[in-house]
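Let me begin by presenting the structure, written as structure tokens, before commenting on it.
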Number of protein chains: 2
Amino acid sequence: MRMVRESKITLERPDMRAHVLKAALLAIEEVGFTQLRVKDIADRAGMSTSHVLYYFGSRDRILISTLLMSEADLDERRGAELARLDARAALDRLVELYLPRGRQDVRWRLWAQVIARPPDDEETLLRLDGFFRSWAAELAAIVRRLSDLGAEAAEDFAVRHCRLMDGLSGDVLLGIPGHDALWAKETVLASMRRELA
Amino acid sequence: MRMVRESKITLERPDMRAHVLKAALLAIEEVGFTQLRVKDIADRAGMSTSHVLYYFGSRDRILISTLLMSEADLDERRGAELARLDARAALDRLVELYLPRGRQDVRWRLWAQVIARPPDDEETLLRLDGFFRSWAAELAAIVRRLSDLGAEAAEDFAVRHCRLMDGLSGDVLLGIPGHDALWAKETVLASMRRELA
DNA sequence: GACAAGGTTTGAACCGTACTCAAAGTTTGA
DNA sequence: TCAAACTTTGAGTACGGTTCAAACCTTGTC
């Protein structure tokens with residue numbers, strides 16, 4: 001009995017899951033987040049809805065997994081891209097990568113969804129926390145190159161500004177008049193410059 | 001034709017709507033946000049689901065209206081309560097009122113919901129923006145009592161810290177281990193003290 | 001005081017969609 | 001080669017939001 005369960009988990013082919021998650025990203029972009037049905041994902045993955053559910057168990061889990069993949073992907077790309085830039089450009093670019101590109105930004109819509117219906121398993125929460133920390137660490141490293149802040153102060157600066165960007169993103173997602181992606185970017189950068197000057 | 005529409009709107013009894021919204025708050029607390037059905041609200045309001053929908057049009061609108069009411073209510077209470085306190089105590093209390101009390105905080109779950117499924121009518125967005133501004137204005141006023149910051153600087157301080165609190169609230173709602181309501185409060189207050197010192 | 005017009009309320013039906021299940025198909029390993 | 005476990009699907013279920021038409025009330029008018 002227990003054997004069955006364990007082997008099931010081990011044998012879940014990651015390629016299959018990744019395939020579905022890519023289909024999910026595509027589906028969200030094409031049909032929009034609010035109208036997204038499991039069928040839209042299944043169609044684009046070339047399989048039945050039952051099969052998608054067989055791998056993920058529930059619609060919510062598909063979305064959470066999509067966020068995790070999307071975030072992991074960005075985590076990699078970010079490291080590679082920022083390494084090539086000088087500190088000031090890296091700071092600017094990091095902010096750009098972090099913030100939503102607009103009201104319909106897929107990654108941020110996923111975040112909003114997950115915050116509205118949070119997962120209850122500890123493991124997922126720790127992975128999400130891991131992404132937070134990764135962003136903060138990257139930002140802290142850049143800040144240390146730009147100022148004479150100590151490790152602790154840089155870390156504090158980074159965490160505060162990540163959370164600030166989270167808050168600003170809420171405005172962007174809501175579509176508050178005047179509070180668009182550009183406004184958010186300018187606001188964060190102003191706050192950063194203010195402290196680093 | 002147009003007459004019908006207009007009179008319909010005018011005649012919507014506000015007491016009836018308010019009654020439903022209070023029922024909604026109660027229902028959320030009792031059955032939990034994720035399992036909330038329109039029927040749960042209707043039951044507690046002592047009417048049929050059709051009747052609730054007759055007044056609000058859709059489930060989403062009920063939730064948005066509940067948030068608006070909840071926020072308007074807090075807006076009033078806040079003004080009355082903070083006026084009685086000295087500046088330092090008022091700052092502390094404002095932060096307490098702003099932040100979620102915990103993972104299940106009803107007002108914040110409503111915010112999360114509305115950000116995940118934003119309304120598309122301009123009017124609602126402006127009302128939400130109004131609440132943002134109201135919080136910021138209140139915070140700015142307190143800050144000016146505590147420091148020699150000018151009007152502009154105080155306003156900037158206030159907006160940044162409101163958004164910071166929004167971001168921290170996300171962590172609390174998610175239930176990231178270690179990031180509870182108390183942690184959020186301490187983090188904001190530390191940031192505020194840091195700048196005001 | 002009766003009646004017309006519009007406003008309110010509801011129960012019953014509709015519809016869409018997440019999820020379940022059993023059966024058929026496929027792989028793996030002994 | 002066969003059986004056991006894994007995969008895949010179509011059909012079916014459950015459930016919740018939304019619609020609709022009909023009954024009920026309220027109000028103002030002759």
Side-chain angles (χ1 to χ4, degrees), chain A residues 1-21 23-24 27-28 30-67 110 113-114 116-120, chain B residues 1-21 23-24 27-28 30-66 110 113-114 116-117 119-120:
Chain A
M1 295 291 181
R2 188 183 296 150
M3 283 300 290
V4 175
R5 276 261 167 103
E6 279 176 7
S7 66
K8 211 174 191 176
I9 288 167
T10 338
L11 286 179
E12 272 171 359
R13 317 189 196 150
D15 41 301
M16 201 46 123
R17 287 174 61 96
H19 176 67
V20 172
L21 297 181
I28 293 169
E30 286 187 9
V31 316
F33 206 103
T34 51
Q35 298 148 22
L36 181 76
R37 296 168 302 164
V38 174
K39 185 168 193 315
D40 296 317
I41 298 169
D43 284 350
R44 283 163 185 76
M47 56 180 72
S48 66
T49 67
S50 334
H51 195 204
V52 172
L53 269 312
Y54 170 75
Y55 274 114
F56 291 92
S58 77
R59 184 180 185 275
D60 276 4
R61 287 210 169 178
I62 301 172
L63 296 178
I64 288 170
S65 301
T66 307
L67 174 62
L110 285 165
Q113 170 71 23
V114 169
R117 305 178 66 90
D120 47 3
Chain B
M1 294 290 179
R2 190 182 296 149
M3 283 298 291
V4 175
R5 276 261 167 104
E6 279 175 8
S7 68
K8 210 175 191 176
I9 288 167
T10 339
L11 286 178
E12 272 171 357
R13 319 188 195 152
D15 39 300
M16 201 47 121
R17 286 174 62 96
H19 177 66
V20 172
L21 297 180
I28 293 169
E30 286 186 10
V31 317
F33 206 104
T34 51
Q35 297 147 24
L36 181 75
R37 296 168 302 164
V38 175
K39 186 170 194 314
D40 296 317
I41 298 169
D43 285 351
R44 283 164 185 75
M47 55 180 71
S48 66
T49 67
S50 335
H51 195 205
V52 171
L53 268 312
Y54 171 75
Y55 274 113
F56 290 92
S58 78
R59 183 181 185 274
D60 277 4
R61 288 211 167 176
I62 301 172
L63 296 179
I64 289 171
S65 301
T66 308
L110 285 165
Q113 170 70 24
V114 170
R117 305 178 67 90
D120 47 5

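Residue numbers begin at 1 in each chain, while the letters A, B, ... track the order of the sequences.
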Find the distance [X]:[atom1] to [N]:[atom2] and express it as a whole number of Å.
{"X": "B/Lys39", "N": "D/dT18", "atom1": "NZ", "atom2": "P", "value": "16 Å"}
{"X": "B/Arg17", "N": "C/dT8", "atom1": "CZ", "atom2": "P", "value": "12 Å"}
{"X": "A/Asp43", "N": "D/dT9", "atom1": "CG", "atom2": "P", "value": "12 Å"}
{"X": "A/Gln35", "N": "C/dC15", "atom1": "CD", "atom2": "P", "value": "19 Å"}
{"X": "B/Leu36", "N": "D/dC15", "atom1": "CG", "atom2": "P", "value": "17 Å"}
{"X": "B/Met47", "N": "C/dG11", "atom1": "CE", "atom2": "C1'", "value": "16 Å"}
{"X": "B/Ile41", "N": "D/dG16", "atom1": "CD1", "atom2": "P", "value": "13 Å"}
{"X": "A/Met16", "N": "C/dT26", "atom1": "CE", "atom2": "C1'", "value": "12 Å"}

Checklist entry - Should A/Ile41 and A/Val20 count as side-chain neighbours, where that means a heavy-atom distance under 4.5 Å? => result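 Sidechains of A/Val20 and A/Ile41: in contact.
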
Checklist entry - How large an angle, rounded to 10°, do the end axes of the helix from C/dG1-D/dC30 to C/dA30-D/dT1 enclose when each is built from five base pairs? => result 0°

Checklist entry - Hey, does the side chain of A/Tyr55 come within less than 4.0 Å of D/dT8's phosphate (OP1/OP2), counting only N and O? => result yes

Checklist entry - Do the side-chain N or O atoms of B/Tyr54 get closer than 4.0 angstrom to the phosphate oxygens (OP1, OP2) of C/dT9? => result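 No, B/Tyr54 has no side-chain N/O under 4.0 Å of OP1/OP2 on C/dT9.
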
Could you list, one pair per line, each protein nitrogen or oxygen that sits under 3.5 Å from a nitrogen or oxygen of nucleotides 19-21 of chain C, together with the distance?
residue: C/dC19; atom: OP2; partner: A/Arg59; partner atom: N; Å: 2.5

Next on the checklist: Quick test of your reading: applying salt bridge (Lys or Arg N to Asp or Glu O under 4.0 Å), list the pairs with at least one residue in residues 49-62 of chain A, sequence neighbours left out, ordered by first then second residue.
Outcome noted: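 Listed by first then second residue: A/Asp60-A/Arg117.
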
Checklist entry - Which heavy atom of B/Ala23 sits nearest a heavy atom of B/Arg44, and at what distance? => result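 Closest approach of B/Ala23 to B/Arg44: CB-C, 3.9 Å.
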
Checklist entry - How far apart are the closest heavy atoms of A/Arg17 and A/Tyr55, and which atoms are they? => result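 Where A/Arg17 meets A/Tyr55 most closely, the heavy atoms are NH1-O, 3.4 Å.
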
Between side-chain atoms of residues 32-40 of chain A and protein atoms elsewhere (two or more places apart, or another chain), which donor-acceptor pairs fall under 3.5 Å?
residue: A/Arg37; atom: NE; partner: A/Asp40; partner atom: OD2; Å: 3.4
residue: A/Arg37; atom: NH2; partner: A/Asp40; partner atom: OD1; Å: 3.0
residue: A/Lys39; atom: NZ; partner: A/Asp43; partner atom: OD1; Å: 3.3
residue: A/Lys39; atom: NZ; partner: A/Asp43; partner atom: OD2; Å: 3.2
residue: A/Asp40; atom: OD2; partner: A/Arg37; partner atom: N; Å: 2.8

Next on the checklist: Please enumerate all residues that pass side-chain contact (heavy atoms from CB on, under 4.5 Å) together with A/Ser48, with sequence neighbours excluded.
Outcome noted: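 Checked A/Ser48 against side-chain contact (heavy atoms from CB on, under 4.5 Å); matches are A/Ser50, A/His51.
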
Checklist outcome for this item: Per atom distances to the A/Arg37 side chain, the nearest of D/dG10, C/dA18, D/dT7 is C/dA18

